[in-house]
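This report refers to the structure that appears directly beneath it.
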Amino acid sequence: MGLSFEQLKPLKWGGEIPDPIKREAMVLGEDCVVDPPVILSPMAAVTNPPFRKLCREMGAGLVVTEMIYARGLIHRDKKSMRLLDLRPEENPVSVQIYGKELDELAQACQIVQEAGANSVDLNMGCPMKKVVSSGHGAALLKDTEKVYQIFKSMSEAVDIPVTGKIRAGWEDSNAVEVAQAMESGGAAAVTIHGRTRSDMYDGHADLRVISELVKAVNIKVVGNGDVSDYISARRMFSVTGCDAIMVARGCLGNPWVFREIAADLRGESIPERPTIEGLEETVSKHVQLYIDDFGIEVTSRQIRKHLLWYFRDTPAEVVLRLALKNIETQDDIKRAIRDACLALKNDT
Ligand SMILES: Cc1cc2nc3c(=O)[nH]c(=O)nc-3n(C[C@H](O)[C@H](O)[C@H](O)COP(=O)(O)O)c2cc1C
């Protein structure tokens with residue numbers, strides 16, 4: 001007997017395991033009950049309808065779209081409207097927008113509300129040069145008065161809850177000031193990724209900054225950064241006292257993380273990690289959802305990165321890379337998945 005898939009992708013944890021944490025739903029509004037309080041993070045070019053649907057089915061209590069440019073929505077340009085493609089079965093769903101002009105953000109919120117979103121989120125955490133150089137994303141953290149004005153304008157424009165996603169600060173932490181400005185402006189919740197803009201993705205998320213924020217504001221606080229299994233989820237809840245957690249990189253190629261955290265929050269035993277057969281089944285389902293939404297041409301281009309995430313750091317990775325060189329049809333994709341799973345089996 002060799003390694004199971006579970007052993008191939010071990011829990012990334014080296015310390016003491018915190019006690020289980022029971023957490024009720026996080027209520028942001030009548031139509032936005034986050035149950036369980038574990039959220040799929042917004043991720044550009046990742047959190048599209050098929051992935052959101054899969055993660056909801058796996059147990060995420062709320063899913064968030066990729067960030068959409070507010071001005072693009074107002075001009076109803078093709079790309080922005082495609083990103084605003086929401087499906088009733090994924091509710092509750094939050095739409096993340098980015099922008100910096102008060103009137104544009106307010107109008108974009110109205111468009112998002114009309115599209116059927118259960119809440120709207122403002123991106124104030126994106127660290128990318130091309131985003132911050134035009135004053136968007138994390139650049140907003142530098143001007144708390146503007147943050148207040150923006151949230152006032154957004155929350156007065158719509159009935160759905162308005163939330164914001166921030167980093168700990170630009171260079172130094174000023175998360176408390178930013179979140180207090182959001183609260184005064186009418187925000188229902190703040191998600192904080194415990195790194196500054198200067199940190200980019202280096203080091204570990206600073207959980208102290210998150211716990212200070214929890215104590216300093218009366219709105220809901222969502223903790224984000226380095227949650228990749230039920231143990232790191234327990235740690236985020238117990239160290240910070242946050243109301244909900246958000247998972248990004250930890251669910252790439254691992255949508256089961258939501259099932260695992262959801263069960264733990266309900267006090268149930270942790271579900272088994274998937275067998276190789278279970279892995280094949282979920283990957284095939286993800287591909288089918290993709291084809292149903294986007295057709296085979298787009299799927300064959302975009303599904304590669306997801307497939308590589310599923311088999312990352314396993315002996316099947318090399319086999320998969322080779323098989324992915326020429327995929328055009330659904331049968332090609334099926335064959336690539338089958339070859340990768342066979343490589344896993346042969347290695348065990
Ligand atoms: C591929 C990718 C795309 C991302 N896109 C967005 C985005 O559109 N909006 C946003 O607020 N954060 C975005 N993020 C940041 C994540 O939502 C999250 O805050 C960050 O990765 C830290 O969480 P993690 O440690 O669970 O990955 C992105 C992250 C990744 C890896």
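Numbering of ligands and ligand atoms starts at 1, following listing order. Because the structure is predicted, anything quoted here is derived from the model rather than measured.
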Set of side chain to side chain contact (heavy atoms under 4.5 Å, CB included) partners for Asp143, sequence neighbours left out: Glu145, Lys146
Whether Tyr290 and Phe294 hold their rings parallel, tilted or perpendicular, with breakpoints at 30° and 60°: tilted
Under 4.5 Å side-chain linkage, directly or through intermediates, the cluster mates of Met26: Leu28, Val34, Ile39, Leu62, Val64, Val222, Met246
Face-on cation placement of Arg266 at Tyr230 ring, 6.0 Å and 45° thresholds: no
Are there any N/O pairs under 3.5 Å between ligand 1 and the protein, and if so, what are their distances?
{"residue": "ligand 1", "atom": "5 (N)", "partner": "Ala44", "partner atom": "N", "Å": "2.9"}
{"residue": "ligand 1", "atom": "8 (O)", "partner": "Ala44", "partner atom": "N", "Å": "3.4"}
{"residue": "ligand 1", "atom": "9 (N)", "partner": "Gln96", "partner atom": "OE1", "Å": "2.7"}
{"residue": "ligand 1", "atom": "9 (N)", "partner": "Asn123", "partner atom": "ND2", "Å": "3.2"}
{"residue": "ligand 1", "atom": "11 (O)", "partner": "Gln96", "partner atom": "OE1", "Å": "3.4"}
{"residue": "ligand 1", "atom": "11 (O)", "partner": "Gln96", "partner atom": "NE2", "Å": "2.9"}
{"residue": "ligand 1", "atom": "11 (O)", "partner": "Asn123", "partner atom": "ND2", "Å": "3.3"}
{"residue": "ligand 1", "atom": "11 (O)", "partner": "Lys165", "partner atom": "NZ", "Å": "3.0"}
{"residue": "ligand 1", "atom": "12 (N)", "partner": "Lys165", "partner atom": "NZ", "Å": "3.0"}
{"residue": "ligand 1", "atom": "17 (O)", "partner": "Ser41", "partner atom": "OG", "Å": "3.1"}
{"residue": "ligand 1", "atom": "17 (O)", "partner": "Pro42", "partner atom": "O", "Å": "3.0"}
{"residue": "ligand 1", "atom": "17 (O)", "partner": "Lys165", "partner atom": "NZ", "Å": "3.1"}
{"residue": "ligand 1", "atom": "19 (O)", "partner": "Lys165", "partner atom": "NZ", "Å": "2.7"}
{"residue": "ligand 1", "atom": "19 (O)", "partner": "Asn224", "partner atom": "OD1", "Å": "2.6"}
{"residue": "ligand 1", "atom": "23 (O)", "partner": "Asn224", "partner atom": "ND2", "Å": "3.0"}
{"residue": "ligand 1", "atom": "25 (O)", "partner": "Asp226", "partner atom": "N", "Å": "2.6"}
{"residue": "ligand 1", "atom": "25 (O)", "partner": "Arg249", "partner atom": "NH2", "Å": "2.7"}
{"residue": "ligand 1", "atom": "26 (O)", "partner": "Ala248", "partner atom": "N", "Å": "2.9"}
{"residue": "ligand 1", "atom": "27 (O)", "partner": "Arg249", "partner atom": "N", "Å": "2.9"}
{"residue": "ligand 1", "atom": "27 (O)", "partner": "Arg249", "partner atom": "NE", "Å": "2.6"}

Pairs flagged by salt bridge (charged side-chain N to carboxylate O under 4.0 Å, His left out) wherever residues 33-44 is involved - sequence neighbours left out: none
Tyr69 and His136 aromatic ring geometry - parallel, tilted or perpendicular at 30°/60° bounds: perpendicular
